[in-house]
Amino acid sequence: MADTKREIERKYESDDSGLPDLTGVAGVAAVIDKGVVSLDATYYDTADERLAAASITLRRRTGGSDAGWHLKLPVAPGVRDEIRAPLSDTVPPGHLGLVRSRTRDAELIPVVRLRSHRDVRHLVDTAGHVLAEASADAVHAERLTGDGGAAQWTEIEVELADGGDPALLDQVEKRLRGAGVRPSESPSKLARALAETAPHGKGGKKRRGKQRPVKAPRTAGDHVLAYLRAQREAVLALDPAVRLDTYDSVHRMRVATRRMRSVFRSYGKVLDRGVTDPVGEELKWLAGELGVDRDHEVLTDRLTAALDELPGNLVAGPVRARVRRWAKARRGGSRRRLIAVLDGPRYLALLGSLDALLDDPPLLPAASGKPSKVIAKAVRKDFGKVAALVEQAIELPPGQDRDLALHEARKKAKRARYAAEAAVAALGDPASDLARSMKALQGLLGDHQDSVMARQALRELAAVAHAAGENTFTYGVLYGREEHRAATAETRLPGLWTLMRRATDL
């Protein structure tokens, strides 16, 4: 298990060198001087600074109470997850895995050395509990690559204690601003060091971590590519979370892969499918690998919740223990397989293919057309396919054929939803409304499909329990309840679909 710490902090700078007096900040009973510590950190990145481009920092630091390797992954502005490992001469294997989606096969090398003298204050409450740590860092930065130079500055940092109230940071900032301190223009020390020590040939004037403004999409192709790039970035950002087994990360990564594949297919008049189809097939493969874990998570949660809802007199035999063993056995294998997939060459090749496609997109003539025409036409086409499948399923009698038809309708509803999501920036409310409608339809049909899968799992569990001489009564009760849930979904579908058809305005 990785040693992970959620870091919530704010950085400031001022024309003075010290830390302003923070006595009397609302909620702070005392400010305790903890003295000065010396820190020495070497930051690692690829030669072309891929980690820095993704706002990721990887360092080996000595000094202070947390010497070791620190990998910081962005979560939100001012919020990062720090994954720690003990000191060693080389980058820890676990950290290498967590950045592999960014670095690929590139070597990690020392790029910057930061030496700091940190003047520390603890802000405590009336019981002496630390609420936050404020510090003034005198930083000396030295670039370790090329013909870069050195820089130095003083930075003020306020970091919230574990479990602290973020509102405290607002109170501290109010005091700091009153003392003439201003928020830092750089998101991190590393970003500032890279900017201020950059060789003249790499940017000329010193930069302070600001990025070039992104041009607003204008053509149909612009809108489709913007959506695809966002999903590609989601895959890269979620890769470490999946490796760390963060809740819901597998599901979100799987959705991002499906969104890209769906958009390739929906907007085949914008991007050449002769180029995108092979990439789409690899995305389908990755979604399938992610689904091994995700589908089992969903089934386990569903069966566990159903058991919890049953009155005690309907639970006969060691049902809970058997479900737990079933879940653990399947999840253990799927987790190992998934990590092997993320470490494998096929996955890295897929990421490279996505980069190549988005760097040099295979645009067709329609890509230069007006979004109101090109994109709207694609979305309407997808909605028409959903309509045909839903209406076909409604006409079928209950049973396996209807189950299969509803499953196909669910898959097409997902595709229509993602096409509508990609169209929101271009078409506004009509696309947003359709995306919501398709999400609701997907939810209803998804619950129906989950019931189909749950009943299959219950049959398997009951067979194993019967062979072991256990009472199988409870499995039958759960099976009957799942049948009822599926029937309820089928009963609701015609009315929901009628409302959706009336509300569609594309």
Side-chain angles (χ1 to χ4, degrees), residues 1-2 4 46 50-51 54 56 58 71 73-74 81 83 85 91-108 228-265 275-301 326-358 411 414-415 418 446 449-450 453 457:
M1 182 66 69
T4 303
T46 60
R50 299 177 192 179
L51 298 186
I56 295 171
L58 172 62
L71 173 64
L73 304 171
D81 279 340
I83 297 93
V91 181
H95 284 23
L96 287 173
L98 292 172
V99 300
R100 186 165 289 124
S101 66
R102 302 288 185 177
T103 61
R104 315 290 168 81
D105 295 324
E107 182 185 6
L108 284 170
L228 288 170
R229 288 185 178 116
Q231 302 315 312
R232 186 266 310 269
E233 180 57 31
V235 170
L236 296 177
L238 285 164
D239 179 290
V242 171
R243 293 172 185 271
L244 292 169
D245 202 15
T246 303
Y247 175 74
D248 205 37
S249 58
V250 170
H251 171 59
R252 290 185 291 144
M253 189 173 182
R254 188 186 189 193
V255 168
T257 65
R258 284 177 162 175
R259 280 174 168 151
M260 282 188 281
R261 181 167 179 260
S262 291
V263 166
F264 285 155
R265 301 181 71 180
V275 178
T276 63
D277 276 358
V279 180
E281 284 303 305
E282 290 302 283
L283 287 169
K284 181 180 180 181
W285 160 77
L286 179 57
E289 296 292 349
L290 292 165
V292 172
D293 214 7
R294 171 60 183 173
D295 291 345
H296 192 64
E297 279 182 6
V298 171
L299 262 182
T300 300
D301 290 347
W326 173 82
K328 184 177 180 180
R330 293 201 173 193
R331 176 156 173 76
S334 62
R335 279 293 302 168
R336 288 190 295 272
R337 177 180 174 85
L338 179 54
I339 297 304
V341 166
L342 297 183
D343 284 336
R346 186 173 179 179
Y347 170 65
L348 295 182
L350 168 58
L351 297 183
S353 297
L354 286 171
D355 290 345
L357 188 150
L358 293 173
K411 291 192 289 186
K414 283 184 182 180
R415 178 171 160 183
Y418 299 149
Q449 178 63 16
D450 288 346
M453 299 305 295

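Note that the structure is a prediction, hence the values are computed from the model and not measured. Atoms considered below: every heavy atom in the structure, side chains included; atoms not considered: hydrogens, waters and symmetry mates.
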| Interatomic spacing from CD1 in Ile339 to CG in Asp245 - rounded to 0.5 Å | 8.0 Å
| note | With sequence neighbours left out, the residues meeting side chain to side chain contact (heavy atoms under 4.5 Å, CB included) with His251 are Asp248, Val255, Arg294
| Of the non-hydrogen atoms in Pro92 and Ala85, which two are nearest, and what is the gap between them? | CG-CB, 3.7 Å
| said: Nearest 0.5 Å, please: how far is OH in Tyr347 from CG in Leu338? | reply: 9.5 Å
| Which heavy atom in Arg50 sits nearest to a heavy atom in Ala106, and how many Å separate them? | NH1-CB, 3.6 Å
| side-chain contact (heavy atoms from CB on, under 4.5 Å) between Leu108 and Val99, worked out | CA-CA 10 Å; Leu108 284 170; Val99 300; 4.2 Å; yes
| said: Tell me every residue that passes side-chain hydrogen bond (donor to acceptor under 3.5 Å, both in side chains) with Glu281, counting only those two or more places apart in sequence or in another chain. | reply: none
| query | Are Arg232 and Asp355 close enough, and set up right, to give a side-chain contact (heavy atoms from CB on, under 4.5 Å), and what steps lead you there? | reply | CA-CA 8 Å; Arg232 186 266 310 269; Asp355 290 345; 2.7 Å; yes
| task | Evaluate side-chain contact (heavy atoms from CB on, under 4.5 Å) for Leu354 paired with Met260, printing each intermediate quantity in order. | result | CA-CA 10 Å; Leu354 286 171; Met260 282 188 281; 3.9 Å; yes
| note | side-chain hydrogen bond (donor to acceptor under 3.5 Å, both in side chains) filter on Arg259, not counting sequence neighbours, yields Tyr227, Glu421
| message | Is there a salt bridge (Lys or Arg N to Asp or Glu O under 4.0 Å) between Glu233 and Arg102? Walk through the geometry before answering. | response | CA-CA 10 Å; Glu233 180 57 31; Arg102 302 288 185 177; 2.7 Å; yes
| said: Name the residue from Leu98, Ile83, Leu96, Leu51 that meets the side chain to side chain contact (heavy atoms under 4.5 Å, CB included) definition with Leu58. | reply: Leu51
| Criterion side-chain contact (heavy atoms from CB on, under 4.5 Å) on Arg252 and Val235, from CA distance to verdict | CA-CA 8 Å; Arg252 290 185 291 144; Val235 170; over 6 Å; no
| request: Examine distances only and state if a side-chain atom of Ser262 and a backbone atom of Arg258 form a donor-acceptor pair shorter than 3.5 Å. | output: yes
| field | Residues forming a side chain to side chain contact (heavy atoms under 4.5 Å, CB included) with Thr276, sequence neighbours excluded | value | Phe264, Leu271, Arg273, Leu357, Pro362
| Leu290 and Trp285, any side-chain heavy atoms less than 4.5 Å apart | no
| note | Value for CG (Leu342) from CG (Leu348), rounded to nearest 0.5 Å, stands at 9.0 Å
| request: To the nearest 0.5 Å, tell me how far Lys284 NZ sits from Thr257 OG1. | output: 12.0 Å
| query | How would you list, by chain and number, every residue that makes a side chain to side chain contact (heavy atoms under 4.5 Å, CB included) with Ser353, sequence neighbours excluded? | reply | Val279
| task | Not counting sequence neighbours, list each pair that qualifies as a salt bridge (Lys or Arg N to Asp or Glu O under 4.0 Å) and has a residue in residues 339-351. | result | Arg100-Asp343, Arg243-Asp343, Glu282-Arg346
| request: Could you tell me whether Arg261 and Asp277 make a salt bridge, using a distance below 4.0 angstrom between a side-chain N and a carboxylate O? | output: no
| request: Mind listing the closest non-hydrogen atom pair of Ala241 and Ser249 along with its distance? | output: O-OG, 3.3 Å
